[in-house]
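Heads up: the structure comes next, in structure tokens.
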Amino acid sequence: MEKYELVFDYRYDERLKASFNDLAIKTFGLDFRDWYNKGYWNDQYIPYSLVKEGKVIANASISKMSLVINGERLNGIQIGTVMTDENYRNQGLSKQLMRTILKKYEDACDVMYLFANNTVLDFYPKFGFTRIHESEFSLDLTKKTIQSNKANIQRLTMEQDHAILENYAKNRQVNSSIVDVEQNESLLMFYFTIVFHHAIYYLEDLETIVLMEEDEGVLNIYDIISIQPFDAETVLASIVKDTTKKVVFYFTPDFAMEGMTATIMPNDDDTLFVLSKKPLLKGNFMFPLTSHC
């Protein structure tokens, strides 16, 4: 098998960074440039790449995560951005990178985890990872009446509101003691900049940011970001419309309401795999969508 150069932690190398980004665009349709050009790529995110003639041909990245699981604070490593150039596939390059990461980090953290799509569900168990089903938390508004409270809602943009977004990303409250992440500023700025740049709303009276979209009566709440503890029902009263029939939360709520359900979802498109020395995740939970790397 042909040997390639292993490089890592090259966020200051413009040539390699550009090649990494080109491969991400080809593989996932994701362009990281706005994120890292604004300085949001910090030392918590480290790519491990195989390089040929100055070009990144395969990659697996790690994100150092500060986790809250059942009230306990844990050191986590999340693996993500696993990709191989189409001209170099079926050579075991992802396996080589996974072995490198496991050797370096497996004994240095409490838990390792990743999210995988349906094309690689058989791959990660080979390294000791266990598939765990997350739950979807939703609120049926046909069973729960929320009195609408007209609030001052502003749509925020990175171009005009980056200072307030940076402040909230840096100082946000943990939303759940069941499963959540702390000190997640870099990844949250990634979601503000690239993924949900069109769906950022500021509830000025409540000093709360909500990432959300409504589609055919379903209000998808991707995150609620507040510097102070918030009252969920007050937040919902400010954002639900007369047309809203259901609310879906893309994180683990730390609150209960009449009409709220948690349903285990065997999602093959974004499947959680976990490697830990002891069982950590039980019952109904969901890692915050905005913590996926």
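Computed from a prediction, not measured in an experiment: that's the story for all the values here.
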Subject >> Intermediate values then yes/no, side-chain hydrogen bond (donor to acceptor under 3.5 Å, both in side chains), Tyr168 and Glu207 >> reply: CA-CA 10 Å; Tyr168 273 70; Glu207 297 183 322; 5.4 Å; no

Original post:
What residue among Lys55, Gln91, Gln96 forms side-chain hydrogen bond (donor to acceptor under 3.5 Å, both in side chains) with Tyr4?
Top reply: Gln91

Original post:
Can we say Lys17 and Glu14 salt-bridge, meaning some charged N sits less than 4.0 Å from an Asp/Glu carboxylate O?
Top reply: yes

Subject >> Pairing of Lys52 and Asp85 as salt bridge, 4.0 angstrom limit >> reply: no

When rounded to the nearest 0.5 angstrom, what distance separates [atom1] in [X] from [atom2] in [Y]?
X      : Y      : atom1 : atom2 : result
Leu289 : Ile221 : CG    : CD1   : 13.0 Å
Leu102 : Ile77  : CG    : CD1   : 10.5 Å
Leu211 : Thr290 : CG    : OG1   : 7.0 Å
Met83  : Arg89  : CE    : CZ    : 11.0 Å
Leu206 : Asn152 : CG    : CG    : 10.0 Å

Subject >> Stepwise side chain to side chain contact (heavy atoms under 4.5 Å, CB included) check, Lys104 with Ile62 >> reply: CA-CA 11 Å; Lys104 184 162 186 175; Ile62 67 102; over 6 Å; no

Got a donor-acceptor contact below 3.5 angstrom from the [X] side chain to the [Y] backbone?
X      : Y      : answer
Thr208 : Ser226 : no
Asp254 : Ser177 : yes
Arg155 : His198 : yes
Asn171 : Ile227 : no
Arg172 : Ile224 : yes
Asn75  : Asp110 : no
Gln173 : Gln228 : no
Ser49  : Pro47  : no
Asp34  : Ile194 : no
Glu182 : Arg73  : no

**OP:** For residues Phe20 and Phe32, establish whether the separation of their ring centroids is below 6.0 Å.
**Re:** yes

Just wondering, are more than 12 heavy atoms of other shown residues or ligands nearer than 6.0 Å to [atom1] in [X]?
X      : atom1 : answer
Lys170 : NZ    : no
Lys277 : NZ    : yes
Lys95  : NZ    : no
Arg33  : CZ    : no
Gln183 : CD    : no
Asn118 : CG    : yes

Closest approach of [X] and [Y], non-hydrogen atoms and distance?
X      : Y      : value
Ser176 : Pro253 : OG-O, 4.5 Å
Leu165 : Met189 : O-SD, 3.9 Å
Val56  : Asn59  : CG1-CB, 4.5 Å
Ser94  : Thr84  : OG-OG1, 3.3 Å

Check the hydrophobic clustering (I, L, V, M, F, W, Y; side-chain heavy atoms under 4.5 Å; chains of links allowed) and say if [X] and [Y] are grouped together.
X      : Y      : value
Leu16  : Phe28  : yes
Ile25  : Tyr40  : no
Val174 : Ile69  : no
Met265 : Phe115 : no
Val68  : Leu188 : no

With a 4.5 Å limit on heavy-atom distance, are the side chains of [X] and [Y] in contact?
X      : Y      : result
Phe285 : Ile132 : yes
Arg131 : Phe273 : yes
Leu203 : Phe230 : no
Tyr113 : Leu280 : no
Asp43  : Ile46  : no
Ile57  : Val51  : no
Thr261 : Asp140 : no

**OP:** List for me each residue that meets salt bridge (charged side-chain N to carboxylate O under 4.0 Å, His left out) alongside Asp161, sequence neighbours excluded, and say none if there are none.
**Re:** none

Only one of [options] clears side chain to side chain contact (heavy atoms under 4.5 Å, CB included) with [X]; which?
X      : options                        : answer
Ile200 : Thr157, Ile164, Leu156         : Leu156
Val210 : Asp223, Leu219, Ile239         : Ile239
Glu134 : Asn284, Ile264, Leu272, Thr252 : Leu272

**OP:** Output, in order, the C-alpha distance, side-chain angles, deciding distance and verdict of side chain to side chain contact (heavy atoms under 4.5 Å, CB included) for Leu30 and Phe190.
**Re:** CA-CA 11 Å; Leu30 279 177; Phe190 171 81; 4.3 Å; yes

**OP:** Return yes if a side-chain donor-acceptor contact under 3.5 Å exists between Thr81 and Tyr45, otherwise no.
**Re:** yes

Subject >> Check against side chain to side chain contact (heavy atoms under 4.5 Å, CB included), Met65 and Phe287 >> reply: CA-CA 12 Å; Met65 311 294 293; Phe287 271 97; over 6 Å; no

Original post:
Hey, what's the ring geometry for Phe123 with Phe127, parallel, tilted or perpendicular (30° and 60° as the breaks)?
Top reply: perpendicular

**OP:** Can you label the angle between the Tyr250 ring and the Tyr222 ring as parallel, tilted or perpendicular, going by 30° and 60°?
**Re:** tilted

Subject >> ring pair (Phe, Tyr, Trp, His ring centres under 6.0 Å) partner of Trp35, the single match among Tyr191, Trp41, Phe192 >> reply: Trp41

**OP:** For the pair Leu275 and Thr130, evaluate side chain to side chain contact (heavy atoms under 4.5 Å, CB included) and give the outcome as yes or no after the intermediate values.
**Re:** CA-CA 6 Å; Leu275 178 63; Thr130 300; over 6 Å; no

